Number of protein chains: 2
Amino acid sequence: MIRLVLADDHTLFAEGVANLLRKESDFEVQGVFNNGLSALRHLEKMQSDIILLDLNMPDMDGIATLKEIKSRRLPVKVIILSMYDEENIFKSCEKEGISAYILKDADPDELIYIIREVFEDRHLLSYQRVLKQVDEDAFYDSYKKKLKLSRREIEILKLIKDGKTNNEIAEELFLSVFTVETHRKNINAKIGAKNLADLIRVALELNL
Amino acid sequence: MIRLVLADDHTLFAEGVANLLRKESDFEVQGVFNNGLSALRHLEKMQSDIILLDLNMPDMDGIATLKEIKSRRLPVKVIILSMYDEENIFKSCEKEGISAYILKDADPDELIYIIREVFEDRHLLSYQRVLKQVDEDAFYDSYKKKLKLSRREIEILKLIKDGKTNNEIAEELFLSVFTVETHRKNINAKIGAKNLADLIRVALELNL
DNA sequence: GGACAAATACAAAGTACTGGGTATTTGGCA
DNA sequence: TGCCAAATACCCAGTACTTTGTATTTGTCC
């Protein structure tokens, strides 16, 4: 059973999320609070696995609540729910040790999925992935800036990292194997990779 | 110039380390302190790149000093100097955000090398690597337990991760390329890797 | 001295990747 | 409408890896 707590001052939104979460048979929504202080009081007494924490709240905002959770070493994982996809806000939260960062207009299925990932300690925290929650274009633009890779090249690099052969990638993307080979050549050239190890290391370093 | 500070209450040891560091033309030892408080005072006033921090000190021990450095967000990288190679001590420090963890009886060349790596932000923090600083057997045993790999297999996996071909690995280890191929076969079977990409990813994820 | 794992080495056949190109089509933008 | 990047596709020759084995030697341990 995944024991969840929600802290968000937008009542309608919070109830909406809580109702969504209650539909999962293995989720237990222990409480919905509209400020950080109440949420903290709950966490001090109850065993909870995950708190979904809005950033903007009265009495004690999300960041302050997060810091308090961390400084008291409360054994709860923190998922930030945020309106903002700005990198500096993300990085502030990341620095404080969050487990995940979810945009408020992300897909409900994605929310559920990320909660499970966090519970199982296999969620990968990365800004690009946050961007991708609602804006695939922003996701790809982020890599474009970093590596000068096109959208297709990024897709292919991810599959290379996952251990797929050129034939498998061609099948999966409905392309010719020759196309995949040319993309790989171009990716190698852009990244300056001399071999597969270089490609995979770069992909992992970027949390692709 | 790498600006260094040393905090260690064993005077002779500290002077020994400081003298070693002063031999490097690009190292500047700004101060040697025998307790955490003095070191902190220094760091508040001076720009330093790296502090070498002993764990056991009077007035303020290493962990407390480390936490203070982090909570005040002092812009200095922390290298722990420790007598202990126990994993829980390592993990406590890792959690607080250290850049490196060096055993006190590690090789002097290794100390110098790690300082440079830290300064250039390319040191990889991992418990296995700490073990290897003085006890290669412990290093290999650690992977043996995790992956059931023999010493030679680990060596070869590391070189695969570095992008070397079978021929290059054979040359480097003074082996026949056939031997390397057989070892690879065995590594693949033990790890459950389907291909080179899988091998590289596992090696990277384990900080090999 | 025997058992056993590790290490070493060999080899054929097949699959996969790389490096060197070339070429055409498509989509976006000024 | 033209330009340009992205995307697609093709191809040859070469290198590298994988799969399927087999075999011997060495070192450690009981």
Side-chain angles (χ1 to χ4, degrees), chain A residues 135-203 208, chain B residues 136-204 208:
Chain A
D135 188 358
E136 277 206 0
D137 283 342
F139 171 82
Y140 288 107
D141 283 348
S142 170
Y143 285 104
K144 192 179 181 68
K145 281 178 188 127
K146 277 192 166 73
L147 301 167
K148 312 291 181 218
L149 292 181
S150 70
R151 182 191 200 95
R152 203 51 140 172
E153 286 164 346
I154 291 164
E155 274 187 286
I156 289 178
L157 180 54
K158 184 181 181 302
L159 294 171
I160 292 170
K161 181 214 70 177
D162 291 341
K164 303 294 176 81
T165 66
N166 288 346
N167 276 327
E168 288 166 344
I169 295 172
E171 275 190 59
E172 188 160 330
L173 298 180
F174 304 99
L175 299 173
S176 161
V177 71
F178 298 124
T179 301
V180 176
E181 284 169 1
T182 300
H183 280 308
R184 278 183 83 135
K185 252 192 294 181
N186 295 337
I187 294 169
N188 280 345
K190 286 179 175 179
I191 289 186
K194 293 198 313 302
N195 48 42
L196 184 56
D198 288 346
L199 278 189
I200 294 175
R201 184 167 46 255
V202 167
L208 199 45
Chain B
E136 276 205 1
D137 284 341
F139 171 82
Y140 287 107
D141 283 349
S142 171
Y143 284 104
K144 192 179 179 68
K145 282 178 188 128
K146 275 193 169 73
L147 302 168
K148 311 288 181 221
L149 294 180
S150 70
R151 184 191 199 96
R152 203 51 141 172
E153 286 165 345
I154 291 164
E155 275 187 284
I156 288 178
L157 180 55
K158 185 179 178 303
L159 294 172
I160 292 170
K161 180 214 71 179
D162 291 339
K164 302 293 175 78
T165 65
N166 288 346
N167 276 328
E168 289 165 344
I169 294 172
E171 274 189 61
E172 190 161 329
L173 299 181
F174 304 98
L175 299 174
S176 160
V177 71
F178 298 124
T179 302
V180 176
E181 285 168 1
T182 300
H183 280 307
R184 281 182 78 137
K185 246 194 297 177
N186 295 334
I187 294 170
N188 280 346
K190 286 178 176 178
I191 288 187
K194 294 200 315 303
N195 49 36
L196 180 54
D198 286 348
L199 280 190
I200 294 170
R201 187 175 49 260
V202 166
L204 285 171
L208 197 45

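Below, chains carry the letters A, B, ... as their sequence lines are ordered, and counting in each starts from 1. Every value quoted in this text rests on a predicted model; they were computed, and no experiment measured them.
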Discussion item. Once you apply a heavy-atom cut-off of 4.0 Å, does Asn195(B) come out as touching a base, just sugar-phosphate, or nothing?
Written reply: sugar-phosphate
Item to complete: Would you tell me if any nitrogen or oxygen in the side chain of Thr179(B) comes within less than 4.0 Å of OP1 or OP2 on dA9(C)?
Response: yes
Response to the item:
By nearest-heavy-atom nucleotide on DNA chain C, the more 5' of Ala193(A) and Asn167(A) is Asn167(A)
Worksheet, complete the sentence: Whole-Å distance, Glu168(B) CD to dT18(C) C1', equals 14 Å
Fill in: Side-chain-base donor-acceptor pair under 3.5 Å for Lys185(B) and dT18(D)
no
Practice prompt. Identify the two heavy atoms, one from Leu199(A) and one from Ala193(A), that lie closest to each other, and give their separation to 0.1 Å.
Written response: CD2-CB, 3.8 Å
Discussion item. Quick check against the 3.5 Å criterion: does Glu171(B) have a side-chain atom that pairs as donor or acceptor with the backbone of Glu168(B)?
Written reply: no
Worksheet item: Whole-Å distance between dA16(D) C1' and Leu199(B) CG?
Response: 14 Å
Discussion item. Check this one for me: any side-chain N or O of His183(B) less than 4.0 Å away from OP1 or OP2 of dT8(C)?
Written reply: yes
Discussion item. Measuring to OP1 and OP2 of dA16(C), would you say a side-chain N or O of Asn166(A) lies under 4.0 angstrom away?
Written reply: no
Worksheet item: Does Leu196(B) or Thr182(B) map to a spot on DNA chain D nearer the 5' end, using the closest nucleotide for each?
Response: Leu196(B)
Worksheet item: Across the strands shown, which category fits Thr165(B) at heavy-atom distances under 4.0 angstrom: base, sugar-phosphate, nothing?
Response: sugar-phosphate
Practice prompt. Under 4.0 Å between any heavy atoms, over every strand shown, what does Ser176(B) touch: base, sugar-phosphate, or nothing? Just pick one.
Written response: sugar-phosphate
Worksheet item: Is Thr182(A) reaching over with its side chain to a backbone N or O of Phe178(A), donor-acceptor style, under 3.5 angstrom?
Response: yes
Discussion item. Taking only side-chain N and O atoms of Arg184(B), does any of them lie within less than 4.0 angstrom of OP1 or OP2 on dT18(D)?
Written reply: yes
Worksheet item: Given atom CG of Leu175(B) and atom C1' of dA7(C), what is their separation to the nearest angstrom?
Response: 9 Å
Fill in: For atom NZ of Lys194(A) and atom P of dG19(C), their distance in whole Å
11 Å
Practice prompt. Would you mind reading off the distance between Ile154(B) atom CD1 and dA6(C) atom P, rounded to a whole angstrom?
Written response: 11 Å
Fill in: Where Glu153(B) and Lys190(B) come nearest, the two heavy atoms and their spacing
OE1-NZ, 2.8 Å
Worksheet entry | Between P of dC17(D) and CG of Asp198(B), the distance in whole Å | 15 Å
Worksheet item: Which value, rounded to the nearest 0.5 Å, describes the distance between Ile187(A) atom CD1 and Asp198(A) atom CG?
Response: 13.5 Å
Discussion item. Can you tell me which nucleotide in dT8(D), dA6(C), dA6(D) comes closest to the side chain of Arg152(A)?
Written reply: dT8(D)
Worksheet item: Looking at the side chain of Arg151(B), which of dA7(C), dA9(D), dT18(D) is the nearest nucleotide?
Response: dA7(C)
Fill in: Whole-Å gap separating C1' (dT8(D)) and CD1 (Ile169(A))
15 Å
Worksheet, complete the sentence: Result for 5'-nearest mapping on DNA chain C, choosing between Glu153(B) and Val177(B), is Glu153(B)
Worksheet entry | salt bridge (Lys or Arg N to Asp or Glu O under 4.0 Å) assessment of Glu181(A) paired with Arg184(A) | CA-CA 5 Å; Glu181(A) 284 169 1; Arg184(A) 278 183 83 135; over 6 Å; no
Worksheet item: From dC10(C), dC11(D), dT8(D), pick the nucleotide closest to the side chain of Phe178(A)?
Response: dC11(D)
Worksheet item: Between atom CD1 in Ile156(A) and atom P in dT8(D), what is the gap in whole Å?
Response: 7 Å
